[in-house]
Protein chains: 2
Amino acid sequence: MPKYQPALDAVFHALADPTRRAVIERLGRGPRAVSQLAEPFAMAMPSFLQHLRVLEKAGLIRSRKTGRVRTITLAPRQLKKAEGWLHTQRDLWEQRLDQLDFLLITFKEQS
Amino acid sequence: MPKYQPALDAVFHALADPTRRAVIERLGRGPRAVSQLAEPFAMAMPSFLQHLRVLEKAGLIRSRKTGRVRTITLAPRQLKKAEGWLHTQRDLWEQRLDQLDFLLITFKEQS
DNA sequence: CTGATACTTAGGCATTTGCCTAAGTATATC
DNA sequence: GATATACTTAGGCAAATGCCTAAGTATCAG
């Protein structure tokens, strides 16, 4: 049993929103200013900033302010952690299915 | 730009809770009855059932009632979908880093 | 048929979320 | 110095979340 990782709470919560996932997708192509990121969304700036705060708290993005512009960068470590958890679960599941297959084959050969 | 997948909202939301992740982890070893699943958690049954409802709505588990016992099974398809999304994001990120490396090397060679 | 078991439904309540408007503050630009 | 730009803070509000207790219903066991 993997121990409880509070970080995953924040990461998965952050990814549960379409706006926030879209931000992550855009940041894959490289850093962007806040207003640039916000542009495609029909949303007031303060609402959008809240999404960025959620992403930053989850450790999925970093931000640095230069002059009056804040630039946002993707921070992939937590993304990998989430991917790792999912991968582990799939592994477990598939291992179990293989065991079932083995049992079924053994069973067949007996008949 | 991948199109908006509402299913991911539900899946990531479901995974954002430690109780629900623990349920998924346990189900990796095979189907379980509701009361069996609920046993490790210091939580009233109705509260636990709500978590199961969230997982089922997200398509992460299936449940079937036989007699008075409801048996819960892991349904890995949505889990894979989430893993796929994360994998795509990582790919994008790494591709971009490779391009940056290339640029840096080209730059060095010029000097 | 009487209990015990395994959920299930109904309702309540504090907190969190996701959005908003209005009014700041801190750079640039003219 | 006046105006525009790029956030930022403060506050408000409806809906969703995560927990609870109390009171069902539907098997199963004796």
Side-chain angles (χ1 to χ4, degrees), chain A residues 4-27 30-74 78, chain B residues 4-27 30-74 78:
Chain A
Y4 167 43
Q5 296 170 307
L8 286 181
D9 289 15
V11 173
F12 283 128
H13 168 67
L15 297 177
D17 181 276
T19 300
R20 292 193 291 258
R21 280 201 310 280
V23 167
I24 297 290
E25 286 169 6
R26 292 188 105 221
L27 286 176
R32 294 282 186 275
V34 168
S35 45
Q36 235 181 331
L37 277 178
E39 185 262 315
F41 304 103
M43 192 182 292
M45 178 66 73
S47 313
F48 184 72
L49 286 177
Q50 244 173 351
H51 286 300
L52 291 186
R53 242 171 276 133
V54 170
L55 287 168
E56 189 155 21
K57 256 192 159 177
L60 290 167
I61 63 172
R62 295 295 164 97
S63 84
R64 165 184 280 240
K65 192 157 187 177
T66 307
R68 62 186 165 171
V69 176
R70 181 174 291 279
T71 302
I72 311 293
T73 316
L74 191 59
Q78 295 306 111
Chain B
Y4 168 42
Q5 296 168 306
L8 286 180
D9 289 15
V11 172
F12 283 129
H13 167 66
L15 296 177
D17 181 277
T19 300
R20 292 193 291 258
R21 280 201 309 281
V23 167
I24 297 291
E25 286 169 7
R26 292 188 108 220
L27 285 176
R32 295 281 186 277
V34 169
S35 45
Q36 235 182 332
L37 276 178
E39 186 262 316
F41 303 104
M43 193 182 291
M45 179 66 74
S47 313
F48 185 72
L49 286 177
Q50 243 173 352
H51 285 301
L52 292 186
R53 242 170 276 134
V54 170
L55 287 168
E56 190 155 22
K57 255 190 158 178
L60 290 167
I61 64 172
R62 295 295 164 97
S63 85
R64 165 185 281 241
K65 192 157 187 174
T66 307
R68 62 188 163 167
V69 176
R70 182 174 292 277
T71 302
I72 311 293
T73 315
L74 191 60
Q78 295 306 110

* Asked: How close or far is atom P of dA16(D) from atom CZ of R53(B), stated in whole angstroms?
  -> 16 Å
* Structure fact -> So the side chain to side chain donor-acceptor pair (under 3.5 Å) pairs with at least one residue in residues 44-60 of chain B (sequence neighbours excluded) are R20(B)-H51(B), E56(B)-S63(B)
* To do: Quickly work out the E56(B) CD to dC7(C) C1' distance and round it to whole Å.
  => 14 Å
* With A10(B) via side-chain contact (heavy atoms from CB on, under 4.5 Å) - residues at least two apart -> A58(B)
* Do the side chain of R21(B) and the main chain of L15(B) share a donor and acceptor less than 3.5 angstrom apart? -> yes
* Would you kindly give the CZ-to-C1' distance between F12(B) and dT17(C), to the nearest whole Å? => 19 Å
* Does the side chain of K65(A) get closer than 4.0 angstrom to OP1 or OP2 of dT8(D) through an N or O atom? -> yes
* Can you find a pair of side-chain heavy atoms, one from V34(B) and one from L37(B), that are under 4.5 Å apart? -> no
Review item, nucleotides 17-26 of chain D N/O atoms under 3.5 Å of protein N/O:
unit_1	atom_1	unit_2	atom_2	d
dG18(D)	OP2	R20(B)	NH1	3.0
dC19(D)	OP2	H51(B)	NE2	2.3
dC19(D)	N4	Q50(B)	OE1	3.3
dC20(D)	OP2	A44(B)	N	2.9
dC20(D)	OP2	S47(B)	OG	2.5

* Of all the heavy-atom pairs spanning D17(A) and T19(A), show the shortest one and how long it is. => OD1-N, 2.8 Å
* Whole-Å distance between dC7(D) P and E39(A) CD? -> 13 Å
* Asked: Just how far, in rounded Å, is P of dC7(C) from CD of Q36(B)?
  -> 9 Å
* To do: Write out all pairs satisfying side chain to side chain donor-acceptor pair (under 3.5 Å) with one or both partners inside residues 31-41 of chain A, taking only residues at least two apart or from two chains.
  => none
* Structure fact -> In whole angstroms, the gap separating P of dT17(C) from CG of L49(A) amounts to 17 Å
* With sequence neighbours left out, write down each residue that passes side-chain contact (heavy atoms from CB on, under 4.5 Å) with P40(B), or none if nothing qualifies. => R26(B)
* Where L74(A) and L60(A) come nearest, the two heavy atoms and their spacing -> CD1-O, 3.4 Å
* Could you pick out which residue, V69(A) or A33(B), lies toward the 5' side of DNA chain C when each is mapped onto its nearest nucleotide? => A33(B)
* Structure fact -> Residue set satisfying side-chain contact (heavy atoms from CB on, under 4.5 Å) with P46(B), at least two apart, ordered chain then number -> A44(B)
* Determine the stems involving DNA chain D; a stem requires 3 or more consecutive pairs of the Watson-Crick or G-U wobble kind, each with both distances below 3.5 Å, and the answer is none if no such run exists. => C:1-30 with D:1-30
* Asked: Could you state the CZ-P distance from R32(B) to dC7(C), rounded to the nearest angstrom?
  -> 14 Å
* Structure fact -> Separation of dA6(C) atom P from L37(B) atom CG, nearest Å, is 13 Å
